[in-house]
Structure formats: C-alpha cells, structure tokens
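A quick write-up on the structure given underneath.
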Amino acid sequence: MAEALEAIKALATGFATTFKHLFRKPITEEYPEFKRTLPERTRARIILTRDPDGGERCVACYLCSAVCPVSCISMQSAEKEDGRRYATWFRINFARCIYCGLCEEACPTSAIQLTAMFETCERDILTLVYEKEDLLVDHGGKDKEYNFYKYAGVVTQEGGKGEHIKEDKPVNVKSNLP
Amino acid sequence: MDWIIGIIVLIVKLGLVLVGLLLLAAYLVWVERKFLARLQIRYGPNRAGKFGLLQPIADALKLMVKEDTVPEAADRILFLLAPAVVATSALLMFAVVPFGSHLTLWGKKIPLVITDLNVGLLYVFALSSLGVYGVALGGWASNSKYSLLGGIRGAAQMISYELALGLSLVPIVMHAGSFSIVDIVNAQAKYPFILLQPFAFVIFIVSAMAESKRIPFDLPEAENELGAGYHTEYSGMRFGLFFLGEYVHMQVLGAFVAVFFLGGWRGPLLPAPVWLFIKIILVALIMIWIRGTLPRLRYDQLMAVGWKVLIPAALLNIMVTGAILLI
Amino acid sequence: MSKLIIDDREIEVSPGTKVIEAAAQLGIMIPRFCYHPALGSVGACRVCAVKFIQGPFKGVQMSCMIDAQDGMVVSTTDEDVADFRRHVIEWLMLHHPHDCPVCDEGGHCLLQDMTVSGGHGIRRYLGKKRTYTDQFLGPLLQHEMNRCIHCYRCSRFYQEYSGYRDLGAMQSANRTYFGRFTDGILESPFSGNLSDICPTGVYTDKPSRYFGRRWDYQRSPSLCINCSLGCHTVASIKYREVKRQEARFSEPVNGYFICDRGRYGFFYSSLESRPRMARINGKQCTFNQAQHAMIEKLEEIKKNSGSAAIAAVGSLRSSLETLVMLAQLCQTKRWRDPACFIDSSQVQNVKTAISRLEPQLRVSLRDIERADFILAVGADPINEAPMLALAMRQAQRNGATIVVIDPRPVSLPFPFLYLPAAPMALSAYLGSLIKAVVNRGTADKMGDGARKFYDRIPEGKKLAEAQPPLSSEMLQSLQQSRRPIIVCGTEILSETVLSLSADFALLLQAAEKQAGLFYLMPGANAFAGGILSGEKDSFLQIIEQIEDGSIRALISVEADPFWWFDDRPRLERALDKIDLLVVLDYLDSQAAQRANIFIPTATFYESGGMLINQEGRVQVAPRALLGGIPISQAGGGDHPPRLYDVGIAGFDPKAAWLTLADLANGAAQEDEKALQQHLWKQISDLIPQLATFSSIDEIPQEGIVCSCGVNIDSRFSINWSAASNIRHDSGDDFDLIEVDWTFGTEELSSLSPCLWKLERKPCLVMHSGRAEIIGLTDVDLVEISTETGSLEAELRTADNMAPGILVLPRHRKLAWQIFTPGKIRIRKDQIRKKQ
C-alpha cells in the first residue's frame, strides 16, 4: 500500500513538474536571431594559418589528409625556390568533412586549424569544396608564435644550416681540429 | 426520393467527418508539438507561419513530394498495403461516433452520426483489432530486423491491451443496456459515466494509449532501440499514412473516451459537435501531458501491467458493477 | 644446422646465419638500421640488441653480429633489451632535426618507425643540435645530412657493394659525414638505391621530391622494360601518374637493387607530350573513329593488293600478349609475318641464343653473384644491362676472376681482365680458350659431335701473332674454377660466337664444372620476339619489299623504326611509298607523328602483362594504374579541375593487344575476359611450361623459366671455316659498331628528363693508335660521311680497345641513322676532322 502511495506520489510530482513548465518562459535560443559566442576551440570551418612572419605555415606534409577519417582533404606539395615545402593546391571538401578536428591535432606546424565559423550551408555542393585560396587566412589563428622553419633545420629563408633555434654551426668536414 | 436524399446526406456527413478528421489530425500534430514543447520549456514549431501554424501543411507537402522507396527485399504488395490498413481502420472507427443528437432540415430529421449500429461497440473493437494487421504486416513486409521486431511488439501489445480495453467497457454496456453508441450517449443524459465508473475510465484510458502506441507505450516504434520500429523502411506519404493513422486513432480514442465516460456531445450552452470537439482535444492534451512526463516502459513491464493489473482490475470492476446493479 | 629458440619458438637454421636473420625467418622483425641482408652486418647502430638467455653468449648482444648456434635461447622482447633499444634510439635522435613534416622519407622512415615503436616520444636533450652542410649529388638524390644516424649503409653499398668510390664517409666520431669530397653528380649508375637503403631521410628521391607520402601512393609490383634483364620494381602511382619506382626484391633476378636507368626510366608514361587521342592524318579523332578507319583502310588495301601487301612491325618493349596477338593476327589475316628485329643478323642472333639456352646451362642473375669465374664475351654490362655489372661485382667481391673480351673499351667498377678483340676474332679467341682449358678426352665424353668440333678448332697460334695473348693467370683461374659462367651479348657478335659460347659452357660442364651461360638480349621482350619471329623476318626485309612495291601498308605496334633503323633517308622514302601507315604506340614517336592512322595504347604500367627476360624467365606484372591524364596535367594550373563525374580524361588508350584483337575480329570486343582466356590459351600453347597454369594470375612472382625454342641439335655445329676467316686489319678502315650506353641510347629511359644530366656527351670512340695514324686526336670534332648523309660528333680515343673498330653510341642526341644496315665498314677517308 505504501508502495502504491509512493508510486502515485512520484507520478504526481512528475506531472506537476511538467505542468509547471507550461507557464515558464521557454529557454530556447532562437538561432538566426540570436547567435551565442562559441568557445575558441569550437570545431567548425577549417582555415590555413600563417606564421608570425606572414609565410604560409602549411608544408603539405599530408598528415591531415592521412588522418582524415572521411578523406576530405587532398593536396599537392612542392618546393618553393627558397626551399620551403608548400602546397601547390590544397582542397577540403566541406560537404564531406565531419569536423572531428583530427587534422588540427595531426598538423605539425599549427597550419590547419578549426574555427567557430560553422555557417557553411550552400545550395550547390561544389561550392563547399574549398581551395587553398579560400582556406588561407592572414593570421596565426590560435597559435600566434610558432614558426616551423625556425626549428626544422632545413635551409630556407628562415635560416641556413646551423642558423636555426638550438643549432650548432655546421661541421667542417675538412678540418681535423676537435 | 427518400433514398436519394439519404445518400446525399450520408455523403455530406461522410465528407464533413473525413475532412474534419484529417484536418484535426494534421493540427493535432501541431498541437502535440507545440504543447509538448511548452511542457519541456521550448517553443515548438514557430517558423512556418505565425506560431508555426502552417507547419502541418508544410509537413504534409513534404511527405507527399518525398520519394516513395520500397526496399529491394521487401514483400512488395504487403509493404505497399500495410499503411493503408492502419489509416483506413482508424478512419472507419469514427463512423459510429455520434457528434450530436439530430438536425431537422426541411422537416427531415437527420441523425448526427454516420451510422447508428446496434453493435457499434463491437464494430469499434473489430476495427481496432484490424489496425494490428497494418502494424504487424508493415513490420514483416519491410524485411528488416528493426521493422520485424517493431511489428512483433506491436502485435503482442495491441492484442494484450485489446482485452483490457474491451473488459473495461463491459460495465458501461451494463449501465446503458445497449451496444449502440448512440444509446450509450443517451444513457448519460443525467450524468457522465465517469462518475459511476472511475476505475473503468482509468483502465480504458491506459489501454487506449497502449492501443494507439503512444508514449509511454510506444514500444513498436521505440526510436532509440528500433530506429522507428515497424515503419523504419517507409518514406514519403506511405510513412505519412502510418502517421495519419496514429493521430486519427488518437482522435477516435478521444472521441470514445468522451462518448463512453464524458457524456459524448452533451454539454450546456455550446452546440453538440463543439462539445465533442472540446472533449476530444482535452483527452488529447492529457495524452500529450502523459507523453511529456513519463518515460517508455520496458517490454516486460508493459506486459505485466496489461495482464497482471489491467485485466484483473477490469474483471473485478465488472463483478462489482454487476453485483451493485443486481442489488 | 643449428637449432635455437627465439622468443619461445624453435628454429633450425644453416650455419653462418646471423641471429637477426634467424628471427626474420620466424617472422620476428628485430629493429635494425645498419644491418641489411645484401650489405651484411657491421654492428654500427646498436639497435638490434637482443638478450641471450642460454647458450654460448649471455646478456644483451647485437643480433646481427652473432651467428645462430645450437642451444641458444634468445629473447627479443626482454625488458632489458627494450630499455637498451629505447636508449639507443634516444641517442640516435639527439641530433636528428625536427623536420619530419618536410622530409620525403616521413611515412616509410625506419628511424621514424623505431622511434615511435621504441617509445621515445618526447625529446629530453635540450642542447644544441649538430648540423652539416648538404651537397649537390646530381639530379637523382637529395642530400640532407642533418638526418644521418651513421649506419654506414650508404657508403657500404656505394663502395663495397657496387664498387664506386666517389661517395663515402669523411671526418670522425660525432662529426662523421657521408658524401662526396666535393659537390657533384654521383658516378654510380646505381646511386638511386641509396634512397631505398638509407634508413632515414639523408638520401631522398629527387624526381619525386615532395610529391607524396608512401601511404598516398598506389604501389604496384611491376617489371622494368628498359633492358632485357626484367628486374622487379615497385611502381608508385599518385594522381594518375607513375611518380617513383623502387627496387622490388626478387631472389632470382635483381635481388634488392635496381639500376638508375630502370628506376627512373618510367617518365615516358606520364609525359605531357604522350598522345592520349587517336589521330587520322594528324587530326585528332575518337578512338572508335580511328579504329573504324583502320579496319576499313586495311580492307581496302587487301582488296586492291592482296593481304600479303600488309606487313606489321612488333616491338621488343611490347608485352608478350601484344606480340602473340600480333603474330596471330598476321597469321589469320594472311599478312606478312611480323618483324620485331632490325635485320636478319639480329633475328638470328636472338634465335641462336634462345636455341642454346638449355635448362642445364642457363643461369639467373643471382647465379652470377655466386660464380667464381666470369667470362664476358661481347657484352658491356654497365652500358647494356647495368644490373649485370652489379651481380658481377658481387662475384668479384667473393673472389671471382672476371674476364672481358670485347672490341669496345669496357669499364666496370671493379678490377677485371680485359682483352680487346675485334668481333671477328672473338670466335678464334674462344676456340683457343676451349683448347687451353678443355682436353680432348673431356670433349669425347660429350659424344661424337663434340669430339669432331674439338678437333676442328683451328690452332690458336694463328691468333697469337695479331692479338693480345691469353694470360696464364686467366687460364689458370678458369681451370681452377668450380662455377664458371659465360656472359654473352647478342648485339655486336655473330651467331657463331653465341653458339661457341654455349658449346664452351657445355664442354666446361663436361669437365665437371657447374658452368653456366648468360645471354644479354636487345630488348625487354627480345626473347618472346625471338620465339615468334621466323629466321628471315626483319624490318630490313619489309623495307626491301616496300621498295619493290609488294608491301602497301605497314602496321607498327609500339615500334619506332626511326629510333633504331640505321638508314633514315631510306626509311623515309619507304614510308612515303606505302599507302597506309598505322601506328599503335604510347610514345609520341616519329613514326607516330608520320602515321596515317595513329591509335594510342596503354603503357606497360597501364596494361600489365608478361615479359620474357633474356634468361627465358616468363614474368608477370599486374596492371599498376588505370590510365588517364595525370591530375597535374588535367588541371592545367593550380589545382585539379572542379568538376562533377565526367569520367577520366585521356582514358582512351587500351592495351595494344586489345586493339589488335579488335582488328582481328573486325569490331570492338566487349568481353575482355573471354579475349584474355583465348589469348592465354595461345600463350600456353606457345610456352609449354605455362600449360600447368590456368591463368596469368597463377604464375609465381619469381616467374617461370621456359625452355621453348631450345634446340639440342644445334650443339657443336659451328662452321669453323667461316668463323676462322679472320680479315686482317689493314689499318685503312674501321668496323663500325653501334652500341648502347647506360643513359641516352635506350628509347624509354631517354625520355626521362632527370636522366638527361647523367648522359655522357655523345662521342665516337677510336683506338688512339689509329687516330694518330689518320691525324686525329682526342676531343676532335669529326665528321663521318656516308652515301646517305653525314654525322658530326666528338672523337674520343682509347687505348683499351680493338684497333680496327669505331664505336658509335645510338645516342638520342646524335643523328646517327646514316648507315646501310648490316655490317658497316667505314673507310678512313670517310672520317674527316671538322674545324
């Protein structure tokens, strides 16, 4: 009997709660009229950032395209005259992208980053295929400082052999001095 | 000459009821979504038209223009037929519901019911049982595991609750002394049966919700377990027919609750059909409130409630009513 | 045999096997950087450490340095060794730069794999990194010394394995440097292998630099068609083009390595100039239009001049399928038999070689490495089939004596005995060698024929006057050898010498030596061409018949006579005379440009197929890519085209044999499977060894050695009177021999831009004594004029060659096609010094 009372009480509480809700103002944020500021680490539209000196960060190492679970990233790498490796073309198919952020995690140069811009709906699906010029921005995104070529040790305009951060002068192979 | 007028009157009545039912079904969806949203502190549909009033029309249009897919391995004929069975059986049930006493036009008495069967109640049960076929066959013909499970659950659930539903109404028949729905309504001229039979009312409304597969009894659909149960594989207007059937069923049950327990079309001041409409909507709102509050039952709980609680309670109710009537 | 237990599993290995190899046989990959099965152990990297629990050794030891012995119990997963390896990797990584993202090795880098699997995830060393300046090593390899972990694989391969000296270790200790003394192009034609064997990214492939990662390439097994050896390769394809080629291990053929001609000889397949559309009289049209036009025109010619007025030219770079289909087509249509060779002497040479490759005589390239005496007759390994030189180097490293008898100045990256001899004198040389090494009794064992043959060998004394004598050192080592092998070229020799070499090998076998015979052939599929050609079927014969008007139409299947026919004006006149020239090819060859109807075909990468190498080994390469214009060309700019589903551009070309099948059936054939089955039946009828297989897919990877065409009756059947008729060198004129060079003379590889820098400047070579007589010196610009034209080239003089010889490379930069086919003799007044 006590159980039955308990049950009825529980039911009554439930019904009372939902009934009370009827008279509350809805908490819905109505989207196109109201846009909330999203956290910095929101995973949406992808960008290609630049290093503090204005150079393209992307070295077209293919790690993002390799890690992409839906294979929506493709590119072609090549060498610039100064020795920098870069992407001749870089393409992200946002129609296929699932915004998982694995590309950003895989990126060794902080080039590829996800932003909070998520309004990418288009009528023609081909306009969702973004090329490098659509992806490239003129800032460093979340990481303002890093410049890969200052550490990499390969010869570019950022420095020759032994001129990068934490590098000794090149070994002189023709000297016997210690 | 009389029979021609009779047919014309019948056709007009049929047309009015059908249009009324379909419109109501469509807007019942809107009412449900809106009301449910408010129960959950949301707005509900509010984009199509003012307060989202055009939403049902948009939905209907969408369903009609959508591709009608039939799975390759499905049993084609049964698959195409099943939704019609569900919708038709629900619509036909309304034929015996009276929505007023009668109208007098040009000196002719026109009863405000499509047909007054003297076995109206049995007719209702017969059609309600037919609805099981739609569900079970739809589930089976889809040739998909989710659909099949949904269909089986639907059949089992509906057959189980049919019993309680029927038994709960026996005391009403005992009071009214007739199977005719019109007679039952007339028997409530003084007071509605809900006052005489509160237990029967509770049993009926629970069973009715189970019959119409609404939350918390929506095991045949169970989105999170079975996809969408027996209509997983349906699309377009064929899915729409299932949907329609469900909402018409809701109205029919609302109407029967009104007819059996709330005095049917009877009420002060307002015209009879309006009273019936108000009662139907009231029942529907209660059903939505229940939906908004209670979670889905487990399958064993569902069966236990049906067989171990509702049927014994209904039988007991019959015995007690009988005893009182005898004394 | 010694039995040992590695990781709780028992294995029995032959004595001398290292523990690391024993583990490999069990399928356990012990980490390694310096160890390589072909290069052996040096114990430099310390990463293959394992723990010896029982047996003669105890504790942590290097598995590459210890022979597997009875009773050893070894653990590769012990905590001690895992920790040891982790530390070793950390040391190796101390100075390793942070440049994996821009390193082409990343993705298939052994060091990267070991760093990750060894658990060294985060750098602890905070000091400054050692750096090196890099060198320019030529167009094939990119140098990045910072990445070096000092495993010495490169210098071991370069110096010890392949015998070249210009790359090696410098400096000492922590500053050890691998490179050349100064910047410059690497001399070795095997330098591309450095990118394969370097366990990290010090040497990376330059032509495919920054193109893709290993995982993005469609890697397909393939075969090299740049010489007759048929080395196994892996073709790496990305964005519809073959971008890189690596060596694929093959036990009997090339082992772990390939030469640079094979490695970089693939560029023809994705050249922008490669014709992808059919053409009628120079106008582009659809594939079907061209095919209809071809069938119609041939019908017409058949009606007017009879079916014998149609002739076909096959190619030695075509697959076996194409050659068989062509032969069948000619037979059913009653055309002339197809010609795959230039002149009758070339056909006869190849046919002779095939008939003498008896199963007990023929040897694989691998067997050459195990030989203890190699006699190369009329073969210039580095230039004709570079991998042969690498195999001979291994034999030489193991103590074999290498003797080269050749009219050309032959250079090899190892010491060898060289006898300059005019082609005509070669048979006499061999004769006297036989006399010196084999006694009459041994010859007698081989039967009557052999004895008669032995008796008829002219006395060697005749020779001794004019030619350099056979050294006693050479005779001695041949007499003492157990496994002598005779390597014989087919290009500049007469068929007598080829036969004689085989007879010599037979007699050596009779003398209880495991003698072997190894022929080189003039093209990747020359063996198949030889089987399918008749004695007289040559292109020269076709030209003659065009000239007398009996041939009116010519179908050239993947063949470009302009590339190899000696007399270009004559060829042009002949082609002007015929009514129809149909060319099926994947190159934009001169013949293709002249064709009335041109139909593009698929390259060997796109069609796959069978090849028979010079040993008679039938090998199969699967289709490596589907075809189509590479993305880099289709996009026409910065990025590939932005289009929905419109099919693949340039997808028309199909395998030549399919087009030929359409021609045979008079209409395009839909059912490729049925055609394939039909063709397979033809092929297995031709090559009995294949009859046991039901389809091409069943042929094992190492191929099937076939012995079709072997004719035992041709043993010891040399006409000595002709062979010993040595024309005495009058000193007035020269025998011109046309030769191959490693780079620049082979049709396909000379289309590879990255190899152009490696080509030597084309030059004529003459004996310095002779040059002096006619008043020429080294580096003079000379002009040779013949009836048909003149040729200008630099003259180089050499001491180490036969005097009466003028050597002419068939170099792509030299318009050398001014001679009358056959034996070419140049009078000294035809050679003129140009100012």
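Labels below follow one simple rule: chain letters A, B, ... track the order of the sequence lines, proteins then strands, and each chain is numbered from 1.
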(request) Indicate yes or no for a side-chain donor-acceptor contact from C/Arg213 to the backbone of A/Cys61 under 3.5 Å, with no hydrogens or angles considered. (result) yes
(request) To the nearest 0.5 angstrom, please state how far the CZ atom of C/Phe211 sits from the CD atom of A/Gln76. (result) 4.0 Å
(request) Specify which of A/Val129, A/Thr109, A/Leu63, A/Ile165 makes the most heavy-atom pairs with chain C at under 4.5 Å. (result) A/Val129
(request) Using the side chain to side chain contact (heavy atoms under 4.5 Å, CB included) rule, take A/Val173 and C/Gln135 through it: C-alpha gap first, then chi angles, then the decisive distance, then the call. (result) CA-CA 12 Å; A/Val173 290; C/Gln135 289 180 331; over 6 Å; no
(message) Can you confirm whether more than 12 heavy atoms, excluding those of C/Glu272, are under 6.0 Å from its CD atom?
(response) no
(message) Determine whether a donor-acceptor pair (N or O, by modelled atom type, separation under 3.5 Å) exists between the side chain of C/Glu144 and the backbone of A/Val154.
(response) no
(message) Run A/Lys150 and C/His98 through side chain to side chain contact (heavy atoms under 4.5 Å, CB included) and show every step you take.
(response) CA-CA 10 Å; A/Lys150 288 232 155 73; C/His98 179 65; over 6 Å; no
(message) If I measure from the heavy atoms of chain C, does A/Lys132 come under 4.5 Å with its side chain, its backbone, both, or neither?
(response) neither
(message) Strictly below 4.0 Å, N to O, side chains only: are C/Arg130 and A/Glu167 in salt-bridge contact?
(response) no
(request) For the residue pair A/Pro170 and C/Tyr132, establish whether any side-chain heavy-atom pair is separated by less than 4.5 Å. (result) no
(request) Flag yes if more than 12 heavy atoms outside A/Glu30 fall under 6.0 Å of its CD atom; otherwise flag no. (result) yes
(request) Answer whether the closest heavy-atom distance between the side chains of C/Val102 and A/Tyr149 falls below 4.5 Å. (result) yes
(message) Please classify the contact of C/Phe181 with chain A as side chain, backbone, both or neither, using a heavy-atom distance under 4.5 Å.
(response) both
(message) Checking the side chain of C/Lys129 only, and the main-chain atoms of A/Lys166 only, is there a donor and an acceptor separated by less than 3.5 Å?
(response) no
(request) Taking all non-hydrogen atoms of both residues into account, name the closest pair between A/Asp168 and C/Lys128 and its distance. (result) OD1-CD, 3.5 Å
(request) Would you check if the side chain of A/Tyr62 reaches a backbone N or O of C/Gly107 as a donor-acceptor pair within less than 3.5 Å? (result) no
(request) Mark yes when over 12 heavy atoms from residues, nucleotides or ligands other than A/Glu145 sit less than 6.0 Å from its CD; otherwise mark no. (result) no
(request) Using a cut-off of 6.0 Å, state whether more than 12 heavy atoms not belonging to A/Glu81 lie near its atom CD. (result) no
(message) Counting C-beta onward and ignoring hydrogens, is there a side-chain heavy-atom pair between A/Val171 and C/Met170 closer than 4.5 Å?
(response) no
(message) As an exercise, state the distance from CD1 of C/Ile631 to CH2 of A/Trp89, rounded to the nearest 0.5 Å.
(response) 6.5 Å
(request) Could you check if a side-chain atom of C/Met145 sits within less than 4.5 angstrom of a side-chain atom of A/Lys161, using non-hydrogen atoms only? (result) no
(request) Give a yes or no on whether C/Lys757 atom NZ has more than 12 heavy-atom contacts from other residues, nucleotides or ligands under 6.0 Å away. (result) no
(request) Can you establish whether the number of heavy atoms outside C/Arg123 located under 6.0 Å from its atom CZ is more than 12? (result) yes
(message) Could you measure the distance from the CZ atom of C/Arg209 to the CD atom of A/Glu79? Nearest 0.5 Å is fine.
(response) 4.0 Å
(request) Heavy-atom pairs under 4.5 Å with chain A are the metric here; pick the option from C/Asp104, C/Asn146, C/Asp216, C/Thr176 that has the most. (result) C/Asn146
(request) For each of A/Ala66, A/Cys107, A/Ala60, tally heavy-atom pairs with chain C at distances under 4.5 Å, and name the one with the top tally. (result) A/Ala66
(message) Using side-chain heavy atoms (C-beta onward) and a distance below 4.5 Å, is A/Lys174 in contact with C/Gln171?
(response) no
(request) Return the minimal non-hydrogen interatomic distance between C/Tyr210 and A/Gly83, and the atom names on each side. (result) OH-O, 4.2 Å
(request) Check C/Asp99 against A/Ala152 and note the closest heavy-atom contact, atom names and distance. (result) CB-O, 3.4 Å
(message) Give me the atom names and distance for the closest heavy-atom approach of A/Asn176 to C/Arg175.
(response) O-NH2, 4.2 Å
